[in-house]
Amino acid sequence: MDHAGVLALFDRDMREGAQPDGPDTRVERVGSVVRQVSSARGWNGVVWSDLDETGADAAIAEQIAYFSGLGREFEWKLYGHDRPVDLGQRLRAAGFEPEPEETLMIAEVAGLDLDAEPPEGIRLLPVTDAAGINLVADVHEKAFGTDGSRLRHQLLAQLTEEPDTVLATVALSGDEPVSSARLELVPGTRFAGLWGGGTVEAWRGRGIYRALVAHRARVAAERGYRYLQVDASSQSRPILERLGFEALTTTTPYTYVP
């Protein structure tokens, strides 16, 4: 893979040319910043910037003023190759709190091992309604220890109004949800995104996450997407590397609470 070329394509398609991630959101370009604006229950934040040392602090202050005026917590999604090189330090100085660093991993769908199946006793259930969304959110809360209300709202809106943009799947042992994940499909781009992959602690290490990756990759291939991208944690990175994903850069969410 041409890392520099694919990363430039990712920046152009998925960040500078970002599309709203739900029906109740909009994407705005303000100067050298691209931001998404949503309701208080959606994701608000900066997805791309093209800044230098002379204008970075003013751009940061402008985004703080804008989202604070809306009364919204927001995230500045910083990538390892973003400029200026001290942008992370500038964000911290302005009052942002960094969350754990992740790795942006990308794979060509055609080169992935898609034969992984769920382990015995596990079945994959496509999510098509509110009951399925509740199962996904239940797994999310148990796997990550965070509130699932935003995920419930986002998935319900997508499945109701834009069902072709998301595929959510939950892994069940009997009737017990033990893992879940979703595939975000962005029309007009070459990238599909793997998001929310999480497994309840007692069920980790059995191949469920790998099977969910393969399942979503098959769907992406069927729908004509060339690349899969994922923000990988330290836990998922080794699995993804074995499947054929490559690390291109890091990504760190910086959160600002008004």
Side-chain angles (χ1 to χ4, degrees), residues 14 19-25 36 38-44 102 109 112 114-187 189 191-225 228-233 235-236 239-240 243:
M14 306 302 290
Q19 298 181 34
D21 68 2
D24 60 350
T25 65
Q36 176 170 292
S38 184
S39 67
R41 293 189 294 177
W43 186 87
N44 291 271
E102 296 181 315
V109 177
L112 290 174
L114 304 181
D115 294 330
E117 296 294 334
E120 185 176 355
I122 298 295
R123 61 189 174 96
L124 301 185
L125 177 72
V127 173
T128 59
D129 56 20
I133 290 171
N134 285 334
L135 294 177
V136 171
D138 182 55
V139 170
H140 181 88
E141 292 174 344
K142 291 178 180 177
F144 299 111
T146 56
D147 179 66
S149 57
R150 176 182 290 179
L151 177 60
R152 282 186 176 90
H153 170 74
Q154 177 184 345
L155 266 181
L156 183 60
Q158 284 180 282
L159 288 174
T160 301
E161 300 185 41
E162 299 176 343
D164 292 336
T165 67
V166 64
L167 172 84
T169 307
V170 61
L172 298 172
S173 172
D175 293 326
E176 178 188 0
V178 298
S179 186
S180 67
R182 67 186 190 275
L183 175 70
E184 298 282 350
L185 301 161
V186 186
T189 74
F191 293 87
L194 303 183
W195 295 96
T199 303
V200 176
E201 185 173 4
W203 290 87
R204 293 172 187 165
R206 306 190 193 191
I208 302 174
Y209 177 83
R210 177 187 174 97
L212 281 169
V213 171
H215 171 68
R216 289 175 288 168
R218 288 192 292 268
V219 173
E222 291 167 359
R223 300 195 185 184
Y225 287 86
L228 278 177
Q229 61 94 191
V230 57
D231 294 346
S233 68
Q235 289 180 316
S236 57
I239 303 171
L240 293 164
L243 286 171

CD of E141 to OG1 of T146: how many Å apart, nearest 0.5 Å? 7.0 Å
With sequence neighbours left out, the residues meeting side chain to side chain donor-acceptor pair (under 3.5 Å) with W43 are E75
Side-chain contact, heavy-atom cut-off 4.5 Å: L228 with L112? yes
The side chain to side chain donor-acceptor pair (under 3.5 Å) partners of R182 (sequence neighbours excluded) come to E184
Assess whether side-chain hydrogen bond (donor to acceptor under 3.5 Å, both in side chains) is satisfied between Q36 and N44, documenting all intermediate values. CA-CA 5 Å; Q36 176 170 292; N44 291 271; over 6 Å; no
If you round to the nearest 0.5 Å, how far is NE2 of H140 from CG of L151? 5.5 Å
For G148 and A137, which heavy atoms make the closest approach, and how far apart are they? O-CB, 4.0 Å
d(D231 CG, S236 OG) to nearest 0.5 Å is 9.5 Å
Do I122 and L172 have side chains that get closer than 4.5 Å, going by heavy atoms? no
Would a 4.5 Å heavy-atom cut-off, applied to side chains only, mark S179 and V170 as touching? no
Does R218 come within less than 4.0 Å of D115, counting only side-chain N to carboxylate O? no
Working for side chain to side chain contact (heavy atoms under 4.5 Å, CB included), residues Q235 and R204: CA-CA 10 Å; Q235 289 180 316; R204 293 172 187 165; 4.0 Å; yes
Residue pair L194 / Q229, side-chain heavy-atom distance below 4.5 Å: no
Kindly compute the distance separating OG (S173) from CD1 (I208), expressed to the nearest 0.5 Å. 8.0 Å
Given side chains that start at C-beta, do those of E176 and W203 come closer than 4.5 Å, heavy atoms only? yes
Criterion salt bridge (Lys or Arg N to Asp or Glu O under 4.0 Å) on D175 and R123, from CA distance to verdict: CA-CA 10 Å; D175 293 326; R123 61 189 174 96; 3.7 Å; yes
Closest heavy-atom pair, D21 versus Q154, reported as atoms and distance to 0.1 Å, is O-NE2, 4.1 Å
With rounding to the nearest 0.5 Å, note down the distance linking CD1 in I133 to CG in L156. 4.5 Å
Could you state the interatomic distance from CG (L212) to OG1 (T199), rounded to the nearest 0.5 Å? 7.0 Å
Keeping Y225 on the side-chain end and V186 on the backbone end, is there a donor-acceptor pair under 3.5 Å? yes
T128 side chain near L159 side chain, heavy-atom distance below 4.5 Å: no
Checking side-chain polar atoms at under 3.5 Å, does T25 have a donor or acceptor matched by the opposite partner on S38? no
Under the side chain to side chain contact (heavy atoms under 4.5 Å, CB included) rule, what do V127 and T169 come out as? Steps first, then yes or no, please. CA-CA 6 Å; V127 173; T169 307; 5.7 Å; no
Verdict with reasoning, R206 to E120, per salt bridge (Lys or Arg N to Asp or Glu O under 4.0 Å): CA-CA 10 Å; R206 306 190 193 191; E120 185 176 355; over 6 Å; no
Mind checking whether L185 and D164 have side chains closer than 4.5 Å, heavy atoms only? no
Could you walk me through whether H153 and D24 pass side-chain hydrogen bond (donor to acceptor under 3.5 Å, both in side chains), step by step? CA-CA 10 Å; H153 170 74; D24 60 350; 2.9 Å; yes
Side chains of P163 and Q158, heavy atoms from C-beta outward: is any pair under 4.5 Å? no
Run the side chain to side chain contact (heavy atoms under 4.5 Å, CB included) test on V166 and L183 for me, step by step, so that the C-alpha distance in whole Å, both residues' side-chain angles and the decisive distance to 0.1 Å come before the verdict. CA-CA 6 Å; V166 64; L183 175 70; over 6 Å; no
Above 12 or not: heavy atoms from other molecules or residues under 6.0 Å from CD of E201? no
